[in-house]
2 protein chains.
Amino acid sequence: MTTSTLSRKDQIEQTATALFKSRGYAATSMRDLATELGLEAASLYSHIKSKEEILQRICFRMANEFFEGLMQAEKTIGNSTQKLEAAIKSHLTVLTKQPAASAVFQNEWKHLSEPFLSNFLKLRHDYENHFRQIIQEGNASGEFAVADEKMATLMLLSSLNFVHAWYKPYGKLSPQQISDTLSNMLLNGIVSGGKSQTAVRDLSIPNQSDGDVYIPAQKPAGFKNPKEQLKNIHQN
Amino acid sequence: MTTSTLSRKDQIEQTATALFKSRGYAATSMRDLATELGLEAASLYSHIKSKEEILQRICFRMANEFFEGLMQAEKTIGNSTQKLEAAIKSHLTVLTKQPAASAVFQNEWKHLSEPFLSNFLKLRHDYENHFRQIIQEGNASGEFAVADEKMATLMLLSSLNFVHAWYKPYGKLSPQQISDTLSNMLLNGIVSGGKSQTAVRDLSIPNQSDGDVYIPAQKPAGFKNPKEQLKNIHQN
DNA sequence: GTCTATATGGTGATAGAC
DNA sequence: GTCTATCACCATATAGAC
């Protein structure tokens with residue numbers, strides 16, 4: 001699926017997605033977008049009605065994808081742990097298949113105008129509630145031990161959502177490995193202990209999965225005192 | 001500490017912080033900021049050199065606060081669990097004391113110009129490495145059972161960092177409760193089991209901590225199909 | 001469908017009076 | 001330290017030729 005096989009409108013959306021992710025929606029101009037596509041800015045308006053329309057399409061398309069995945073996951077037969085695992089895996093599948101669009105979905109929705117903004121927030125709220133429902137059921141059955149279901153839901157989703165910031169499609173970690181490892185950590189925690197680890201298909205993930213993000217460092221680099229930076233900021 | 005006790009420069013920074021958080025840096029104009037303060041835009045330049053200087057000050061001041069807290073936490077005497085708890089608590093203390101500045105710190109740094117951008121990313125990298133070091137030590141001693149230390153670090157920090165999006169200073173949850181509950185969930189997971197829960201001072205947090213964010217819903221609202229939204233976006 | 005030209009208004013920042 | 005006036009530029013979007 002190269003760029004050339006896409007319709008012009010889809011090319012515009014794809015390129016805009018990449019720019020919105022890296023520079024932010026407000027800091028991306030139609031000239032930037034046109035230049036990236038080898039066009040003049042005015043030509044874009046033969047394909048789209050406005051800059052915001054592009055954002056709307058990205059946000060609601062992604063909302064739709066996250067929702068469809070969750071609806072499938074909720075059909076999973078089994079206990080709450082298995083349902084939650086399926087929901088986590090579905091969320092991460094969407095996120096790793098479309099990391100840039102997911103980032104825009106999560107970070108740029110505030111620039112939607114009404115009534116799109118309200119509709120978007122309602123959808124997100126519903127989505128969170130479905131996750132919370134799974135946690136609630138697991139808590140009621142004694143399967144989970146969660147003190148605050150709302151916080152657990154938000155913690156869980158924020159852990160998953162940040163994946164777009166470090167996931168590399170061609171990195172050493174496959175979506176499956178990410179899904180398994182994250183599921184296990186969220187369900188069973190960091191502290192060692194004899195808990196069930198039904199989600200874990202591969203615990204022998206090579207510990208050296210660095211490279212993607214970090215310079216492998218055995219010892220953390222010493223602090224370069226942040227106060228130094230403050231001093232370097234130009235005063236008036 | 002009312003606004004009127006602050007210097008004009010601090011008033012500007014405080015108001016800018018709120019605007020940058022809610023609208024984003026790029027979408028906030030100097031005229032917006034001036035209007036909020038009851039000034040003309042030109043008057044701002046008697047106190048600051050540029051719009052970006054405000055962002056620089058916020059970002060590096062917060063980097064400094066997060067760092068100083070972590071350095072204190074690392075002095076904690078005890079095992080890795082206790083050290084990690086102290087680091088989590090310190091991080092959340094900074095975050096809950098200055099939620100708006102924390103949000104700007106996390107979401108708007110990309111608008112820094114060089115060399116500030118590179119310096120900022122280096123500091124953030126160092127910070128993550130110090131967290132990772134704690135996890136690494138706990139893993140080595142057998143105290144933790146983490147398959148991927150990098151992912152654990154990123155998962156942990158992303159869970160904590162999203163708190164700014166839902167924390168309400170005058171909500172029902174105190175910073176202490178948030179810290180205890182989050183620590184427990186991250187360390188011990190969601191699944192029930194006989195794991196140590198040393199961090200938990202209060203498991204009887206009222207489950208109805210809603211209100212802040214959610215309309216209390218016993219059952220999640222039915223999906224309002226996101227596809228409907230897609231249709232409503234204006235086509236060309 | 002893409003171009004040039006342009007309308008209309010907002011942007012960060014400065015000069016200089018008070 | 002705040003104001004008015006202004007600069008030089010960039011923003012989104014449209015009109016109309018090709």
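Labels below follow one simple rule: chain letters A, B, ... track the order of the sequence lines, proteins then strands, and each chain is numbered from 1.
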Pairing of B/E65 and B/K97 as salt bridge, 4.0 angstrom limit: no

Between P of C/dG12 and CG of B/D32, the distance in whole Å: 8 Å

Polar side-chain atom of B/T76 near backbone of B/A73 as donor-acceptor pair, under 3.5 Å: yes

Protein-nucleotide distance (B/E53, atom CD; C/dG12, atom P), rounded to Å: 15 Å

Cation-pi, B/Y25 ring and B/K110 (6.0 angstrom, 45 degrees): no

Under the side-chain hydrogen bond (donor to acceptor under 3.5 Å, both in side chains) test, residues paired with B/R61 that sit two or more places apart: B/E13, B/Q98

For atom CG of A/L33 and atom P of D/dA11, their distance in whole Å: 12 Å

Distance test, side-chain N/O of B/S43 to OP1/OP2 of D/dC3, below 4.0 Å: yes

C/dG10 OP1/OP2 closer than 4.0 Å to side-chain N/O of B/S29: no

Between P of D/dC10 and CZ of A/R23, the distance in whole Å: 14 Å

Separation of C/dT4 P from A/L39 CG (nearest whole Å): 11 Å

salt_bridge(B/E53, B/K9) N-O dist < 4.0 Å: yes

Between the protein and nucleotides 13-15 of chain C, list every N/O to N/O distance that falls short of 3.5 Å.
unit_1	atom_1	unit_2	atom_2	d
C/dA13	OP2	B/Y45	OH	2.8
C/dA13	OP2	B/K51	N	2.8

Aromatic centroids of A/F20 and A/F105 separated by under 6.0 Å: no

Rounded distance (Å) that lies between atom C1' of D/dA13 and atom CD1 of A/I12: 14 Å

Between D/dT4 (P) and B/E40 (CD): distance, integer Å: 5 Å

